[in-house]
Amino acid sequence: MGGSFAARLSGLRAPLFAVMVSLLLAGCGINVIPTSEEHAKAMWSEVLNQYQRRSDLIPNLVETVKGYASQERDVLTSVIEARAKATSINVDASTITDPEKFKQFQAAQSELGRALGRLIAVSEAYPDLKSSQNFLALQSQIEGTENRIAVARRDYIRAVQAYNTELKTFPGVLWAATLYRSYKPMETFTISEEQTRAPQVRFN
Amino acid sequence: MSGRVVGRAWGRGGFAGALAPAAVARAWLAVALAMALLAAFSTGARAYTFPPLTGRVVDAANILDPVSRAELEARLVAQEEKASDQVVVATVPSLEGGAVEDYANELFRAWGIGQAGKNNGVLLLVAPNERKVRIEVGYGLEGILTDAVASTIIRNAIVPAFKAGDMPDGILKGTDAIIEILNLDPEEARARARAEAEETSLEDWLGVIVLILMIALWIYIFWRAARSGSGGRGARMAGRRKRSGEAAAPVTTWDWGSGGGSDRDSGGWSGGGGSSGGGGASGSW
């Protein structure tokens, strides 16, 4: 009787031990680094998605403005050039962990943002353009996209903050030093660019 | 000689005894600090203090009369019953120094407007003191209530009435226009409501099945353990009771999730957990 009891107990011990260990490891945050990395990556693709959306809207906007204000050649060319430069930058998975690449990406996108802002600003001087339905629709789309970019960037900044903090604080720092050595801290947008907000529109 | 040995042994024991609780306490303190730090970071510093979501119309700036408030509420209830869309009208006394776009997005997410899987929420935010208005659209409705449409609603329905000084009229007209756009294609609106119901029920059933399997596994494990040993039985029974107590919580969430319809009508209405990525348009007057 005693022998079979011991045998049963030892048979039970292995699965119970496995359950306990997995619970214990999960409780110690073994999953937190990969999870928050995936989250930050997802937020990053949303940022890229919205920048792409803005880029897609630009040719249409440029054509519309050209129809009413072709003399604003400087502003129009600067938008086209900034767009070409921004799209020429190759973005891949390593962009977010490479400070140099990230800086390049950020600089090109903010240059495009500034050029677009100037284009919207000069458009104010052309009443025909301002009242054209096509322009109004495009303008609201551009504004909407700028706002989505701002939201996507904010979400990305928060996700990266959580991920980078996890890499540097206990208990994440233990996992980062042992199991997750290949996980690098991610780059994030700087405040100065965060302040360049969507071009404002006035209804009057 | 032997006295010295005993004395040393005692001294060592005393030292270990004195050290152990202090070390444990320090370790616990470190763990607690780390937890607090992580919690502080994970919640993030939210800059705004939002009014509570008391219903579909939250008039924190006090610009609506009771009649138009009731009328608005009725239309918004009808829309949610028809297409499961959650449209919320909010007026705030202050944007607390933030941009209307930023404030609206944070408020939308804090309230969780729209059904969780569908993100079919719309927030009409009016800040009379800053003279700003925004229509914030959830992810799921961006294709129907596009930025251009939202901008047209603000320009043509809301801003003219606001300029004339009639705030309730502008809000009513804007809400009507939003609801009209949402119902432009009635078949599509019905499909939206249907898809939402099916999706949650399927997920719920999967969750319940997994839950039952897990409970069965635990019962089996503890039944085996209890059968094989007579000692420590009380502790094992307590363990089993604890498991079933844990299991009860998800079931209640599930009940709440699928039977929310009656809850919402009895005043205990809340956001469905939807989110927004900054779709919509803003304007000022």
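Per chain, numbering begins at 1; letters A, B, ... match sequence-line order.
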Given a strict heavy-atom distance threshold of 4.5 Å, which part of R134(B) is in contact with chain A: side chain, backbone, both, or neither? side chain

Full working for salt bridge (charged side-chain N to carboxylate O under 4.0 Å, His left out) between R158(A) and E106(B): CA-CA 13 Å; R158(A) 283 182 189 166; E106(B) 295 274 19; 2.7 Å; yes

What's the shortest heavy-atom distance between D147(B) and T145(A), and which atoms? OD2-N, 4.1 Å

Spacing of CZ belonging to R154(A) relative to CG belonging to D102(B), to within rounding of 0.5 Å: 5.0 Å

If you look at every heavy atom in S151(B) and S140(A), which pair is closest and at what distance? CB-CB, 3.4 Å

So which of G279(B), A281(B), A150(B) has the largest heavy-atom pair count under 4.5 angstrom toward chain A? G279(B)

Region of A137(A) that comes under 4.5 Å of a non-hydrogen atom in chain B: both

K85(A), NZ atom: more than 12 neighbouring heavy atoms under 6.0 Å: no

